[in-house]
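The structure under discussion appears below in the form of structure tokens.
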There are 2 protein chains.
Amino acid sequence: MPGKREQNREHNRLALIEAVLESVAEKGISETSVSEIIQRAGLSRGMIHLHFGGKDNLVHAAARHSSEEYYDGIEALLQTAGDTPQARIEMIVRGDLSERVLNRRNVSIWYAFRGEARNRTVIAEYSDTRDGRLRNMIHNAFLRVVKEAGCADGAAVARDATHGTLAMLEGMWTDYLLHPDRFDREEAMRIVFRFLAAMFPAHFALTGAIEAKEGRARAAAPT
Amino acid sequence: MPGKREQNREHNRLALIEAVLESVAEKGISETSVSEIIQRAGLSRGMIHLHFGGKDNLVHAAARHSSEEYYDGIEALLQTAGDTPQARIEMIVRGDLSERVLNRRNVSIWYAFRGEARNRTVIAEYSDTRDGRLRNMIHNAFLRVVKEAGCADGAAVARDATHGTLAMLEGMWTDYLLHPDRFDREEAMRIVFRFLAAMFPAHFALTGAIEAKEGRARAAAPT
DNA sequence: GATTTCGATGGACGATTGTCCATTTTTTAT
DNA sequence: ATAAAAAATGGACAATCGTCCATCGAAATC
């Protein structure tokens, strides 16, 4: 059975990365030690040095892995979206706030790494990559929107709308981090779209606003 | 010289807290050890146990201190603001994005603690305090705005505007964290006000938009 | 089936972690 | 000046950290 060696090797490599993410999500970075990692991965102490040359490299690989996972998810979602720019923007917003992407595990991991970003250049780059790719997708969509709307100074409007939308999404993630229990996805989406509808009335409607009447948001929050 | 004892005691207590913040800002939480702290404070090893009973309590006290400092800054600023709701909102936005509040040190500290928030309930509460107090100030202002504007369903609009504005400010902080060099305060403010102007045209004007023509934002960014 | 190859093991290692307390130093009270 | 009180010191301590390597076992090659 040739190739089994390399196949196993890759499998273990991935097991280490996922053990790191699991531990970071559950216990935080400061409690993610070598002992903790190898225990979760069910492997031996020396594996980290063998596969990654040290703990730091492993953590960086895990950060990269998590970042790529996020981006791939968004991109996959985008391919199922319609072709109008507003459909694409809507899809990104809904995707970024969906259970699949915005959940306790991912938020824990994301903010844990962010907390170290200032002091670990390598990690900051992955957050960066994400923003860069996502930013382009949204920016292109907004450019088409302002062109259709015929705004004066459309380029500036598109740029600001991109920046503002991304900033608001970031803020929603922070909300989730600090209040995972009372966070309400529908409410978060409605707010983003309320701002977009105010800015581009012809392109974004406040579809969800009426059915999600006053108060429903909090009442429906899980315990 | 009576009272000198207690005075000195309090001074050292504060020195420890500020040593923690300094270290967290500069080296990150994971490298903020007891040795690092006492070296920066110029005190002896036992002081941490004496004053706080352990390193964890000291770190928590530092988180609380930083949080209170932030809030006090915003509140002080607000007292110099005019009395119209839009003036108060503008003051909060400008304050939150001002050099005095949004700078490398504070951003590093804030996100470092956030990274541990999920696993340290005590720390999450301080991030919370900030949001809670700030949220009320903005919410009250928006309530007055929608009343003047006579919006239908004004309460919901005010709540969403509050949530959205805070989320966008959070996002701007993240921007600063990841790109402290190319971050542009004027651009950040303009974007927030562009959204607010779209939502409440009668109350918020895009004053800075024209003078800050295309491209100026990036060109003026510090090296 | 014998030999080679290489991923996997787990304990040894020095360094560093946070806690704690016997001791010293300084202020306060007598 | 002396005694009492309290704050500050800094080293001892066990526990844990991440790294590394001599050894082993299974897969690949002959």
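Lettering of chains follows the sequences in order, A, B, ..., and the numbering in each one begins at 1.
With rounding to whole Å, B/L16 atom CG is found 14 Å from C/dG18 atom P. Separating the NZ atom of A/K27 from the P atom of D/dC17 is a distance of 10 Å, rounded to the nearest angstrom. A straight line from CG of A/D56 to P of D/dC17 spans 15 Å, rounded to a whole angstrom. Taking atom CD1 of residue A/I29 and atom C1' of nucleotide D/dC17, one finds them 16 Å apart after rounding to whole Å. For the pair B/E31 CD and D/dG18 P, the interatomic distance rounds to 13 Å; values are reported in whole Å. B/K55 places its NZ atom 15 Å from the P atom of C/dC20, with the value rounded to the nearest Å. The distance from atom CZ of A/F52 to atom P of C/dA8 is 11 Å, rounded to the nearest whole Å. If you take CD1 of B/I38 and C1' of C/dT16, they are 13 Å apart, rounded to a whole angstrom.
Ring geometry for A/Y70 against A/W173 counts as perpendicular: the plane angle is over 60°, on a 0 to 90° scale with 30° as the lower cut. Note on ring orientation: taking the six-membered ring where Trp is involved, the planes of B/F142 and B/F204 are tilted (angle from 30° to 60°).
Each of B/T162, B/L78, B/I74 was scored for a side-chain contact (heavy atoms from CB on, under 4.5 Å) with B/L134, with one residue passing: B/I74.
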Determine, for nucleotides 5-15 of chain D in 5'-to-3' order, which nucleotides have protein heavy atoms under 4.0 Å from the base (write B), from only the sugar-phosphate (write S), or from neither (write -).
BBSBBBBB---
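Mapping A/S33 and A/H49 onto DNA chain D by nearest heavy atom places A/S33 at the nucleotide closer to the 5' end.
The shortest distance between the side-chain N/O atoms of B/S35 and the OP1/OP2 oxygens of C/dT17 is below 4.0 Å.
Screening residues 63-81 of chain B for salt bridge (charged side-chain N to carboxylate O under 4.0 Å, His left out) gives B/R64-B/E68 as the qualifying pairs, with residues at least two apart or on separate chains.
A salt bridge links A/E36 to A/R40: one of the charged nitrogens lies within less than 4.0 Å of a carboxylate oxygen.
Taking a 6.0 Å sphere around NZ of A/K55, one finds it holds more than 12 heavy atoms contributed by other residues, nucleotides or ligands.
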